[in-house]
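See below for the structure under consideration.
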Amino acid sequence: MADRLDQPRQPGLRLRPHYDPETFGRLSERIARFLGTARFLVYMTVFVAVWVLWNIFAPAPWRFDSYPFIFLTLMLSLQASYAAPLILLAQNRQDDRDRIQGEYDRGAAERNQADVEYLTREIAALRMALGEVATRDYIRSELQRLQEELQGQGQTTPGPRELR
């Protein structure tokens, strides 16, 4: 019988384990962050040194990995085989966050650009409007010209201070 789209599926036997990708992603980021620290390098160096020294200097029956240290090599290879995908997963998640942040930044930059253009147009309109308004210096110069004109005709007029 074909699956009906108007009804939920019945829970059945699952062959794949179920996990939360977000939780797994956060865990992988924490592990990748730890793998990139000096603390991890110190821990690994101490671990390998103790392993090698134990398997060289311990009594023969207590040694568990003789000179070519094949088991140590296997352990380090296993650690590297898990570390590489975890680091890549953490990098992919960081790339996704960077992409989203970049989109947000582009939107903010576009809004800022639109605001700057609007304010530029408003300032230009104000400058044009102010060009048509009589300024204090213009009025003074006109009054002074009129005063000189009247004095030239022989009439006395009050000075600029007396007009205030």
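Throughout, residue positions are numbered sequentially from 1 according to the sequence presented.
- Side-chain heavy atoms closer than 4.5 Å link hydrophobic residues (I, L, V, M, F, W, Y) into clusters, and following such links, possibly through other members, connects M44 to L53.
- There is a path of hydrophobic side-chain contacts, each under 4.5 Å, that joins Y67 to F71.
- Taking a 6.0 Å sphere around CZ of F24, one finds it holds 12 or fewer heavy atoms contributed by other residues, nucleotides or ligands.
- For E22, the side-chain hydrogen bond (donor to acceptor under 3.5 Å, both in side chains) test picks out R93, with sequence neighbours left out.
- In this structure, a donor-acceptor pair under 3.5 Å is absent between the side chains of D95 and Q91.
- Across V52 and L72, no two heavy atoms sit closer than the pair CG2-CD2, 4.0 Å.
- Within the 4.5 Å cutoff, the side chain of E29 has no heavy atoms near those of the L89 side chain.
- Annotation: the span from L126 atom CG to R121 atom CZ amounts to 13.0 Å, rounded to 0.5 Å.
- If you take OH on Y138 and CG on L143, they are separated by 10.5 Å, rounding to the nearest 0.5 Å.
- Y82 OH: 12 or fewer foreign heavy atoms inside a 6.0 Å radius.
- For R136, there are no side-chain hydrogen bond (donor to acceptor under 3.5 Å, both in side chains) partners, not counting sequence neighbours.
- Partners of R145 under the side-chain hydrogen bond (donor to acceptor under 3.5 Å, both in side chains) rule, at least two apart in sequence or in another chain, are E142, E149.
- Using a 4.5 Å cut-off between side-chain heavy atoms of Ile, Leu, Val, Met, Phe, Trp and Tyr, with links allowed through other members, L27 and Y19 fall into the same hydrophobic cluster.
- Contact between A80 and P85 at its shortest, heavy atoms only, is O-CD, 4.5 Å.
- Taken together through direct or relayed side-chain contacts under 4.5 Å among Ile, Leu, Val, Met, Phe, Trp and Tyr, F57 and F69 form part of one hydrophobic cluster.
- Other residues, nucleotides and ligands contribute over 12 non-hydrogen atoms within 6.0 Å of the CZ atom of R99.
- Interatomic distance, Q94 CD to R33 CZ, rounded to the nearest 0.5 Å: 9.0 Å.
- Surrounding CZ of F40 are more than 12 heavy atoms belonging to other residues, nucleotides or ligands, all under 6.0 Å away.
- With hydrogens and angles disregarded, a donor-acceptor distance shorter than 3.5 Å links the side chain of D65 to the backbone of I70.
- Cluster membership for V116 and L119, using ILVMFWY side-chain heavy atoms within less than 4.5 angstrom, is not shared.
- Residues L76 and V48 have side chains in contact (heavy-atom distance under 4.5 Å, counting atoms from C-beta outward).
- Contact detail for L35 and A83: the closest heavy-atom pair is CD1-CB, 3.4 Å.
- More than 12 heavy atoms of other residues, nucleotides or ligands shown are found within 6.0 angstrom of CZ on R63.
- For W51 and F64, the ring centers are positioned less than 6.0 Å apart.
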